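Here the structure is laid out as structure tokens; the discussion comes afterwards.
Throughout, a chain's letter reflects where its sequence line sits, starting with A, and its residues are numbered from 1. Computed from a prediction, not measured in an experiment: that's the story for all the values here.
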There are 2 protein chains.
Amino acid sequence: MTSTVQPLYLEDMAVGRRFQSGEHAMDAAQIIAFAQQFDPQPFHMDDAAAQGTLFGGLAASGWHTAAITMRLQVTTGLPVAGGIIGASGDVAWPRPTRPTDVLHVVSEVMEVNPSRSKPDRGMVTIRSETRNQNGEVLQISTVRIVVPRRPGAAS
Amino acid sequence: MTSTVQPLYLEDMAVGRRFQSGEHAMDAAQIIAFAQQFDPQPFHMDDAAAQGTLFGGLAASGWHTAAITMRLQVTTGLPVAGGIIGASGDVAWPRPTRPTDVLHVVSEVMEVNPSRSKPDRGMVTIRSETRNQNGEVLQISTVRIVVPRRPGAAS
């Protein structure tokens with residue numbers, strides 16, 4: 001497990017290396033504000049309305065959990081040199097994010113593929129779990145990102 | 001191509017059926033506001049800073065494009081009875097969303113799987129393209145959602 005503020009280059013991305021982010025405390029106001037703007041469904045906006053649904057209570061939009069995961073990785077979890085630029089990925093939400101959850105992200109390098117056509121970069125596959133304060137997994141994502149080589153490093 | 005305001009049940013989800021959403025006009029202020037909150041990287045917050053990056057100009061966070069796609073589907077594109085509840089999915093961003101883009105979403109039913117254990121519902125796989133006003137594809141997503149059977153329908 002590594003927590004670093006040094007920018008990460010392709011050379012730093014060993015398969016199996018792990019990173020842990022800081023924390024983000026969710027609350028009902030954030031859940032409702034995001035939902036009103038991007039996912040205006042009753043179970044994301046009103047606790048009483050959510051009781052009678054699959055969620056059984058107020059739950060964050062999955063895309064809100066994804067957005068907070070991104071924030072945690074950009075600000076604390078995964079300081080990739082030049083930024084985190086994703087090309088594609090997959091995401092699953094095994095359980096809903098609740099108003100009382102405090103989120104953090106644990107990421108692991110799954111695959112490193114130096115580019116054949118562009119010697120200054122590579123593609124890195126990162127698997128991330130977004131967990132709450134009880135260690136329960138709220139989101140699992142696997143994203144392919146572009147990572148530059150360290151300037152001056154042999155290619 | 002269908003545009004409907006009738007709630008959709010599992011019985012309405014024929015493989016190949018398509019749905020088209022309304023439109024959402026992006027602008028620089030929205031891109032920057034989302035990025036400041038969820039993806040604070042220079043190429044999502046500052047046009048000048050974005051010039052020297054892979055993006056070559058201000059570009060929305062991919063998670064912002066995903067969130068707007070969700071909004072368009074919830075409000076106009078895919079009126080699933082009981083709401084759109086995703087369990088998992090994948091997403092790709094073949095090109096960045098720009099401040100001048102006007103987005104809409106075209107969705108297609110790819111797969112319908114009635115639940116064996118829960119006769120009142122099924123899982124439906126929806127593939128969606130988020131396109132701009134020139135028909136350029138900004139996001140492709142495939143999401144598995146829970147869809148209820150029509151009440152009173154034979155199972």
Side-chain angles (χ1 to χ4, degrees), chain A residues 24 30 33-45 49-50 52-55 59 61-76 78-96 118 120-121 139-148, chain B residues 24 30 33-45 49-50 52-55 59 61-76 78-96 118 120-121 139-148:
Chain A
H24 179 92
Q30 293 172 61
F34 185 96
Q36 285 174 333
Q37 199 176 355
F38 295 116
D39 193 348
Q41 305 196 81
F43 36 75
H44 297 322
M45 296 193 294
T53 71
L54 209 67
F55 291 110
S61 169
W63 301 107
H64 191 186
T65 303
I68 289 173
T69 298
M70 188 66 183
R71 179 184 180 83
L72 286 169
Q73 294 190 306
V74 163
T75 56
T76 63
L78 199 66
V80 175
I84 303 179
I85 301 178
S88 64
D90 58 65
V91 60
W93 299 287
R95 56 193 301 149
K118 293 171 182 160
D120 63 343
R121 70 190 69 168
Q139 177 180 294
I140 302 167
S141 64
T142 307
V143 178
R144 294 172 64 237
I145 62 174
V146 184
V147 179
Chain B
H24 179 91
Q30 293 173 60
F34 185 97
Q36 286 174 333
Q37 199 176 353
F38 295 115
D39 193 348
Q41 305 195 83
F43 36 76
H44 298 321
M45 296 192 293
T53 71
L54 209 66
F55 291 109
S61 170
W63 302 107
H64 191 186
T65 302
I68 289 173
T69 299
M70 187 66 184
R71 178 184 181 84
L72 286 169
Q73 295 190 306
V74 164
T75 56
T76 63
L78 197 68
V80 176
I84 304 179
I85 301 179
S88 63
D90 59 65
V91 61
W93 299 287
R95 55 194 301 149
K118 293 171 181 160
D120 64 342
R121 69 190 69 167
Q139 177 181 293
I140 302 167
S141 63
T142 307
V143 179
R144 293 173 65 237
I145 62 174
V146 184
V147 179

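When side chains are defined from C-beta on, W63(A) does not count as touching T69(B), because their heavy atoms never get closer than 4.5 Å. No side-chain heavy atom of H44(A) sits under 4.5 Å from any side-chain heavy atom of V74(B). Annotation: side chain of M70(B) is in contact with side chain of Q41(A) (closest heavy-atom distance under 4.5 Å).
Your options are L72(A), V146(A), T53(A), I85(A), and the one with the most heavy-atom pairs under 4.5 Å with chain B is I85(A). The residue among P40(A), S61(A), A59(A), A66(A) with the most heavy atom pairs within less than 4.5 Å of chain B is P40(A). Annotation: maximal heavy-atom pairing with chain A below 4.5 Å, among A92(B), G89(B), P42(B), G83(B), occurs at G89(B). When G62(B), P94(B), A87(B) are compared by the number of non-hydrogen pairs under 4.5 Å with chain A, A87(B) comes out ahead.
Only the backbone of Q36(A) has a heavy atom closer than 4.5 Å to any heavy atom of chain B. For T75(B), the part lying under 4.5 angstrom from a heavy atom of chain A is the side chain only. Only the side chain of R121(A) comes within contact range of chain B, judged by heavy atoms closer than 4.5 Å. The contact between A67(A) and chain B is made by backbone and side chain atoms together, counting heavy-atom distances below 4.5 Å. Contact of V91(B) with chain A is made through backbone and side chain together, with heavy-atom distances under 4.5 Å. At a 4.5 Å heavy-atom cutoff, the contact between Q37(A) and chain B is made by backbone atoms alone.
What you find for G86(A) and W93(B) is that their closest heavy atoms are O-CE3, 3.8 Å. Counting all heavy atoms, side chain and backbone alike, F43(B) lies closest to I84(A) at CZ-O, 4.2 Å.
Evaluation of the ring pair (Phe, Tyr, Trp, His ring centres under 6.0 Å) rule for H64(A) yields F34(A), F38(B) as partners, not counting sequence neighbours.
Sorted by first and then second residue, the salt bridge (Lys or Arg N to Asp or Glu O under 4.0 Å) pairs involving residues 64-73 of chain B (not counting sequence neighbours) form an empty list.
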